[in-house]
**Q** 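Handing you a structure now.
Proteins come first, then strands; the chains are lettered A, B, ... in the order of their sequence lines, and each starts at number 1.
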Amino acid sequence: MHELGLTRNIVSIVAEHAGRRRVRRVRLAIGPFACVEPRALSFCFGLAAEGTVLAGASLEFLEAEGDAFLIKDYELEEVA
Amino acid sequence: MCGTCGCSDPADPVTLTDPEKGERSVLRRGPLAGPGHDEGHHHHHAHGQGHDHDHEHGHDHGHDQPHVHGPNGEVVSLEQAVLAENDRIALRNRGWFEGRGVLALNLVSSPGAGKTTLLERTIEALAGGVEIAVIEGDQMTANDAERIRAAGARAIQINTGAGCHLEADMVAEATRKLDPPPGSILMIENVGNLVCPALFDLGERMKVAIISTPEGEDKPLKYPHMFRAAGAVIVNKIDLAPHVDFDQARCFENIRQVNPDAELIVLSARTGEGMADWLAFLRRQRREEPIGA
Ligand SMILES: Nc1nc2c(ncn2[C@@H]2O[C@H](COP(=O)(O)OP(=O)(O)OP(=O)(O)O)[C@@H](O)[C@H]2O)c(=O)[nH]1
Ligand SMILES: [Mg+2]
Ligand SMILES: [Zn+2]
C-alpha cells in the first residue's frame, strides 16, 4: 500500500545521516503491530535507493515489539 | 511501482481543493518525483560522532554510541522512527486542536462504508448548534467535499493522488485553510482503506472506524490494526442487516477480540436509526477534557 512512501522516508533519513558516504546495508526493526509489510518494503527499497548513496544497499529486518518501526542502524561501505 | 499497491501514476501530486472558493493548490509533488532533498527539515542530532570502540554492542536506547564496527564496514546506530516527521507534525496538530478546543476525529473505513453519508446526516442534525468543518481525503475527485458543502458545512478536499491515506502535514495545511473555530468539530474523512490509515497519526482526538453490514462480520479480524487503533467503532447500514445475513453479536465479538475498549455504535445513516447514539457520543466527546489537559 504505502510502502513506497515509507521506503522513500527511510532512504532520505539514512542518506541525510550518512552524508556522502556510501551505505551497503540498512537494518529496520519492525514490531508485529507496525502494519508494514517487509516484503513490500524490500520490493520498493531498490527503487527508492536508486541514484542515492544507498543504491545497491541491502535491507534487513529485525524483530521488535509492539508497533515499533525504526531504522535500527546502517552499515557503511568499507573505505579502501 | 510498489508491487502491493495501486500507486499507478507516479506523477500524481497531492492537492488541496477549496470547493467554496474554487481554489486548488499543490501540496506535494508525486511520490516518485525524486528524493526530497529540497525540504530542509529533519534535525538529526548527530550526537558526538566520536568513535568509541569500548562500549557493548546491541544496546539500543539513546546512548551516545552512533558508531560501532561491524564485521565489514562501519555500523552507524540510528534508532530513528521512520514516521518521526509525521508524528512530530501530528503532535503539533493535536496541540493546536486542544488549545483551540476543537474536537478532531479521524474517520476510517473501507471504501463505501458510509463515511460521507454519516457526515451529511450529522451536519444536518447539528445545524444551528455545533459547527462542523470537514477535511475530505480521497485519491481523486472533489465529490465528497461538494457533498459536504451541499449538506451545509465547510470542507477542504485533499486529493492524495497515488497515496492511500492522509498524512499529518496534509491535515495541518487543510486545517490552516479551514480555521475551525473554538467549540467546533473537525471531521477528517480518511481515504477509504482499512490498512495504512492506522499507521499515520494525524493529531486527532480519536480514530473512529466504520464498518458496514454488507462487508461481513470478520473485517475486524482481517484488519486488526485499524480496529485496534480506533477509539470507537460504528456499525453502519444496519438497515441492510437482514438482507446480508449480518450477525451483529458475532461482529461485536470480533471487534472485542482485537479491541476490548472501543465504544460500539450501531446505526443506519440512511434511515436514521441509531443516529441519536452517535450524536450523544459526539456531545460526550466535546465535553470531555482532552487527555493530559
Ligand atoms: N442502505 C444503506 N446505504 C447506505 C448507508 N450509508 C451509506 N449508504 C450508501 O452507501 C454508499 C456509499 O456511501 P458513502 O457515504 O459515499 O461512503 P464513503 O465511506 O464515504 O465512501 P468513500 O469516500 O468512497 O470511501 C452510498 O450509496 C450511500 O448511499 C446506510 O446506512 N444504509
Ligand atoms: Mg466518502
Ligand atoms: Zn497508505
**Q** Just jot down the salt bridge (charged side-chain N to carboxylate O under 4.0 Å, His left out) partners of D169(B), sequence neighbours excluded, or say none.
**A**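 D169(B) satisfies salt bridge (charged side-chain N to carboxylate O under 4.0 Å, His left out) with R28(B) once adjacent residues are dropped.
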**Q** Please determine whether side chain to side chain contact (heavy atoms under 4.5 Å, CB included) holds for the pair I13(A) and L78(B), giving the CA-CA distance in whole Å, both sets of side-chain angles, and the decisive distance to 0.1 Å.
**A** CA-CA 10 Å; I13(A) 290 169; L78(B) 205 55; 4.1 Å; yes
**Q** Please give me the minimum heavy-atom distance between F33(A) and R228(B), naming the atom from each residue.
**A**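 Smallest interatomic distance, heavy atoms only, reads CD2-NH1, 3.2 Å.
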**Q** I would like to know whether E75(A) and E74(B) meet side chain to side chain contact (heavy atoms under 4.5 Å, CB included); could you show each step before the answer?
**A** CA-CA 5 Å; E75(A) 187 179 330; E74(B) 186 185 347; over 6 Å; no
**Q** I'd like to check the side chain to side chain contact (heavy atoms under 4.5 Å, CB included) partners of N143(B); sequence neighbours left out, ordered by chain and number.
**A**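 T141(B).
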**Q** As an exercise, state the distance from CD of E3(A) to SG of C164(B), rounded to the nearest 0.5 Å.
**A**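 Reported value, rounded in 0.5 Å steps: 8.0 Å.
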**Q** State, yes or no, whether a side-chain contact exists between R25(A) and V75(B) at a heavy-atom distance under 4.5 Å.
**A**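 Answer yes - side chains close enough.
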**Q** Return the CG to CD distance between N9(A) and E167(B), rounded to the nearest 0.5 Å.
**A**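 That separation rounds to 7.5 Å.
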**Q** Sort A68(A) into side chain, backbone, both or neither according to what part of it lies under 4.5 angstrom from a heavy atom of chain B.
**A**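 Contact with chain B is absent: no heavy atom of A68(A) under 4.5 Å.
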**Q** Measure distances from V23(A) to the heavy atoms of chain B and classify the residue's part below 4.5 Å as side chain, backbone, both or neither.
**A**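 Interface part for V23(A): neither.
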**Q** Taking all non-hydrogen atoms of both residues into account, name the closest pair between V195(B) and C35(A) and its distance.
**A**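 The answer is O-SG, 3.6 Å.
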**Q** Show your reasoning for whether side chain to side chain contact (heavy atoms under 4.5 Å, CB included) applies to L199(B) and L6(A).
**A** CA-CA 11 Å; L199(B) 255 176; L6(A) 296 177; 4.2 Å; yes
